[in-house]
Amino acid sequence: MELLKRKIIQEGRVLDGNVLKVDSFLNHQLDIELLNEIGKRFKELFKNKSVTKILTAEVSGIAIAAIAAQYFNVPVVFAKKTESKNLDKEVYEGSAYSYTKEKHYKFMVSKKYISEEDHILIIDDFLANGQSILGLKEIVDKANAHLVGVGIVIEKGFQEGGEMLRAANIDIQSLAIIDSMENNKINFR
Ligand code: 5GP
């Protein structure tokens with residue numbers, strides 16, 4: 001998606017440890033016009049799939065999923081990462097390992113909001129090692145729901161997640177795939 005790639009080039013900053021900071025439009029301040037274009041593009045890419053619900057993870061996935069959902073006319077469910085009194089006792093859990101934070105974390109979704117009739121599209125901001133997507137997929141699998149695909153805004157193609165998930169026959173659609181970002185120079189696939 002050219003508009004997104006331009007934005008990454010203009011405003012993205014490469015941090016130590018191969019982390020791309022996109023706080024000015026995706027992860028802190030939100031560029032709603034761009035998010036609308038992202039939502040339309042996801043709809044185009046998954047137009048042949050019958051999606052009943054979009055699943056994402058708090059926090060960064062929520063805005064992207066919520067805007068995209070307007071083009072699919074379906075609800076968004078976001079997996080929670082922390083326990084709280086607000087969360088129902090009956091939850092589906094998924095787990096993921098964060099290489100950046102070097103710890104395991106949990107995803108939780110109330111059993112009320114995902115069922116075996118659901119055709120789920122997972123949406124997330126980044127795909128790196130694929131752990132987040134695997135954690136969300138675990139929830140879809142536990143609910144016996146059907147995973148129709150995964151929409152990613154920025155895939156870091158030099159990390160293993162994309163290859164691993166495509167090898168598992170998951171329909172992954174990434175709007176920008178970065179092949180390298182050494183010395184602050186970002187190269188797209
Ligand atoms: P994975 O589980 O695929 O390794 O990592 C995915 C999650 O880690 C994303 O949802 C995102 O929150 C975070 N993440 C991974 N790499 C980056 C990055 O380069 N920049 C930012 N901003 N977040 C990242």
Side-chain angles (χ1 to χ4, degrees), residues 1 4-31 34-35 38-39 41-42 54-69 76-82 92-109 120-141 147 149-189:
M1 189 181 158
L4 171 65
K5 289 182 188 168
R6 268 208 306 278
K7 197 82 174 169
I8 294 171
I9 297 283
Q10 282 163 2
E11 298 185 23
R13 291 289 168 268
V14 181
L15 307 184
D16 286 349
N18 269 329
V19 170
L20 178 66
K21 191 171 157 83
V22 287
D23 273 13
S24 66
F25 60 95
L26 196 66
N27 284 155
H28 193 9
Q29 175 170 253
L30 300 168
D31 181 334
L34 176 67
L35 290 185
I38 286 172
R41 186 75 188 120
F42 281 140
I54 293 177
L55 176 65
T56 190
E58 66 177 359
V59 174
S60 296
I62 298 176
I64 303 160
I67 289 191
V76 172
V77 178
F78 62 91
K80 301 201 179 198
K81 291 178 182 162
T82 50
Y92 294 116
E93 274 187 15
S95 65
Y97 179 76
S98 167
Y99 287 93
T100 33
K101 295 186 184 128
E102 293 183 334
K103 62 173 193 185
H104 286 275
Y105 55 98
K106 267 196 302 197
F107 288 129
M108 291 163 286
V109 170
I120 305 281
L121 173 65
I122 293 176
I123 283 186
D124 208 1
D125 58 345
F126 274 88
L127 172 60
N129 290 302
Q131 288 287 309
S132 285
I133 299 302
L134 283 182
L136 293 171
K137 181 181 178 296
E138 199 179 328
I139 288 173
V140 176
D141 292 344
L147 179 65
V150 176
I152 297 290
V153 180
I154 304 171
E155 175 176 340
K156 294 193 292 180
F158 52 87
Q159 289 181 259
E160 67 192 21
E163 205 174 320
M164 184 240 315
L165 296 169
R166 287 184 184 96
N169 274 330
I170 298 171
D171 182 6
I172 308 271
Q173 301 289 342
S174 299
L175 304 187
I177 302 182
I178 295 175
D179 266 338
S180 65
M181 46 186 210
E182 269 120 46
N183 306 321
N184 237 335
K185 172 137 182 37
I186 297 169
N187 294 306
F188 294 102
R189 188 162 297 176

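Whatever order the structure lists ligands and atoms in, that order sets their numbers, starting from 1.
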Taking only heavy atoms of [X], which atoms of ligand 1 are found under 4.0 Å from at least one of them?
X	value
Val19	18 (C), 19 (O), 20 (N)
Ser132	2 (O), 6 (C), 7 (C)
Gln131	1 (P), 2 (O), 3 (O)
Asp124	10 (O)
Asn129	1 (P), 3 (O), 4 (O)

Do me a favour and list the nearest non-hydrogen protein atom to [atom] with residue, atom name and distance?
atom	answer
atom 24 (C) of ligand 1	Phe126 CG, 3.7 Å
atom 5 (O) of ligand 1	Ala128 CB, 3.8 Å
atom 22 (N) of ligand 1	Asn27 OD1, 2.9 Å
atom 20 (N) of ligand 1	Leu20 O, 2.7 Å

Next on the checklist: Whether the side chain of Lys156 engages the backbone of Asn18 through a donor-acceptor N/O pair (distance < 3.5 Å, no angle test) should be reported.
Outcome noted: yes

Checklist entry - Any donor and acceptor pair, going by atom type alone, linking the side chain of Gln131 with main-chain N or O of Ser98 inside 3.5 Å? => result no

Say whether [X], considering both its backbone and side-chain N or O atoms, lies within less than 3.5 Å of an N or O atom on ligand 1.
X	value
Tyr105	no
Leu127	no
Val22	no

Within a 6.0 Å radius of atom [atom1] on [X], are there more than 12 heavy atoms belonging to other residues, nucleotides or ligands?
X	atom1	answer
Lys21	NZ	no
Lys137	NZ	no
Glu163	CD	no

Checklist entry - Would you say the side-chain atoms of Gln29 and Asp31 include a donor-acceptor pair closer than 3.5 Å? => result no

Item to check | Qualifying residue, where the test is side-chain contact (heavy atoms from CB on, under 4.5 Å) with Ile152 and the options are Ile133, Leu175, Leu165 | outcome: Ile133

Item to check | Sole candidate of Val59, Leu20, Val22 that passes side-chain contact (heavy atoms from CB on, under 4.5 Å) when paired with Asn27 | outcome: Val22

Checklist entry - Where on Asp125 is there a heavy atom closer than 4.0 Å to ligand 1, on the side chain, on the backbone, on both, or on neither? => result side chain

Item to check | Option of least heavy-atom distance to atom 3 (O) of ligand 1 (set: Gly135, Gly162, Gly130) | outcome: Gly130

Next on the checklist: Nearest 0.5 Å, please: how far is CD in Glu138 from CZ in Phe107?
Outcome noted: 10.0 Å

Checklist entry - Which distance, rounded to the nearest 0.5 Å, do you find between the NZ of Lys81 and the CD of Glu58? => result 6.5 Å

Item to check | Per-atom contact, atom 8 (O) of ligand 1, protein heavy atoms, under 4.0 angstrom | outcome: no

Item to check | Contact with ligand 1 for Lys156, non-hydrogen, under 4.0 angstrom | outcome: yes

